[in-house]
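Here is the structure we will look at, set down as structure tokens.
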Amino acid sequence: MAQLIWNGLFVGSFYGLVALGYSMVYGVIKLLNFAHGDLYMLGAFSGFALLGTVGAIPGGSLAALFAVLVLTMMVTGLSGVVLERVAYRRLRGAPRLSLLITAVGASFALEYGVRLFSGPNPRVYPVRLDGTAVSVLGARITVQQLALMVVAVALMVALNALVMRSRQGRAMRAIALDPKACLMMGIDVDAVISRAFFIGSALAGAAGVMAGAYYGKIDFLMGFIIGLKAFTAAVIGGIGNLKGTMLGGLVLGLLESFSTDWFGGEWRDVFAFGFLILFLTVRPTGLLGERVTERV
């Protein structure tokens, strides 16, 4: 039982980290950015390229990984800003269906753009985090797993503090309520939205590096499944609610861990998405989501 709970929390922390990008963008401009999972994939490949250069620095694998983590967050953050500027900004006032179709097109462009440069075959990560496990309450935990989870949780807590306690966070929340009023109050709406894309994309890139280093293998389609899982986590927790999104990621990770043990790995996704369907029939707004009445 302890091992299943630990496995679920470990995987769920990755889901929550990626799902925060979905929640941030949706909360600010009501856009479901289906290319977000591919920014996770782009982060994994950026880390792969950077680790090939700095992987031999003194201090060991963890030191190299953390150095590359920061650089990758910058790369994917800027990629998210470019994506928003090129693909989404001019369509901000268009029907939502147009934005969804554009997001799907951006997802394919990122996937096959990376395939063009990296090739179709999976790549083995230059740094693999595996170490001696210790037993804690019956669960086998490695120092590397614990370090990755601490980083993921620290990034989540830092994001929540930024959004809830900083001036930029107040601007994001104000734009989510009424962007036209924010413009009249002198807020640079485009700049704030770009920052939201930068932060969300940077978090996805960090998760991509950590997943690549932990699992040891990456490919250009790895963002598709994680994108669906992150979206599911955001919906379970209450999309647009950051704390709910973090909670949704952990819940999804626990569901997958227990379903794998009960039914086998091939039924993991069936169980998770089946739970989502049943859950939404009972609570459509998610665990911490609130009903929103649109003004006419």
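Owing to the predicted nature of the structure, the values given are computational and were not obtained by experimental measurement. Throughout, numbering of the chain's residues begins at 1 and tracks the sequence.
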* Asked: Does S194 reach the side chain of R89, with side-chain heavy atoms less than 4.5 Å apart?
  -> yes
* Asked: Is L100 reachable from L83 through a run of hydrophobic residues whose side-chain heavy atoms are each under 4.5 Å from the next?
  -> yes
* For L4, does its backbone N or O pair with a side-chain atom of S257 as donor and acceptor, under 3.5 Å? -> yes
* **Heavy-atom side-chain proximity of V11 to N7 below 4.5 angstrom** => no
* How far does CG of L69 sit from OG of S46, to the nearest 0.5 angstrom? -> 11.5 Å
* **More than 12 heavy atoms from other groups under 6.0 Å of NZ on K30** => yes
* Spacing of CG belonging to L17 relative to CE belonging to M210, to within rounding of 0.5 Å -> 5.0 Å
Without placing hydrogens or testing angles, list every side-chain donor-acceptor pair under 3.5 Å for residues 161-175, not counting sequence neighbours.
residue : atom : partner : partner atom : Å
S166    : OG   : L162    : O            : 2.3
S166    : OG   : G169    : N            : 3.1
Q168    : OE1  : R195    : NH1          : 2.9
R173    : NE   : V163    : O            : 3.0
R173    : NH2  : V163    : O            : 3.4
R173    : NH2  : M164    : O            : 3.2

* T281 side chain to L278 backbone, donor-acceptor under 3.5 Å -> yes
* Reference residue H36; test ring-ring contact (aromatic ring centres under 6.0 Å, His included); the match among Y26, F224, F231, Y22 -> Y22
* Under 3.5 Å side-chain donor-acceptor pair for S107 and D38 -> yes
* Treat each ILVMFWY residue as a node, draw an edge where side-chain heavy atoms are under 4.5 Å apart, and state whether L155 and V75 are in one component. => no
* Would you say the side chain of K229 lies within less than 4.5 Å of the side chain of F273, judging by non-hydrogen atoms? -> yes
* Sequence neighbours excluded, every pair satisfying ring-ring contact (aromatic ring centres under 6.0 Å, His included) that has a member inside residues 70-112 -> Y88-F197, Y112-F220
* Can you name the nearest heavy-atom pair linking G200 to M24, along with the distance? -> N-SD, 4.2 Å
* Kindly work out whether a path of hydrophobic side-chain contacts (I/L/V/M/F/W/Y, heavy atoms less than 4.5 Å apart) joins V70 to Y125. => no
* **Atom pair CG/OG of L110 and S79 - distance to nearest 0.5 Å** => 8.0 Å
* To do: Kindly say whether A87 contributes a backbone atom to a donor-acceptor pair with the side chain of T102 at under 3.5 angstrom?
  => no
* **Aromatic plane relationship, F275 with F279 - under 30° parallel, 30 to 60° tilted, over 60° perpendicular** => parallel
* Identify whether V82 and V104 are in the same connected component of the hydrophobic contact network (ILVMFWY, side-chain heavy atoms under 4.5 Å). => no
* To do: Treat each ILVMFWY residue as a node, draw an edge where side-chain heavy atoms are under 4.5 Å apart, and state whether L183 and I29 are in one component.
  => yes
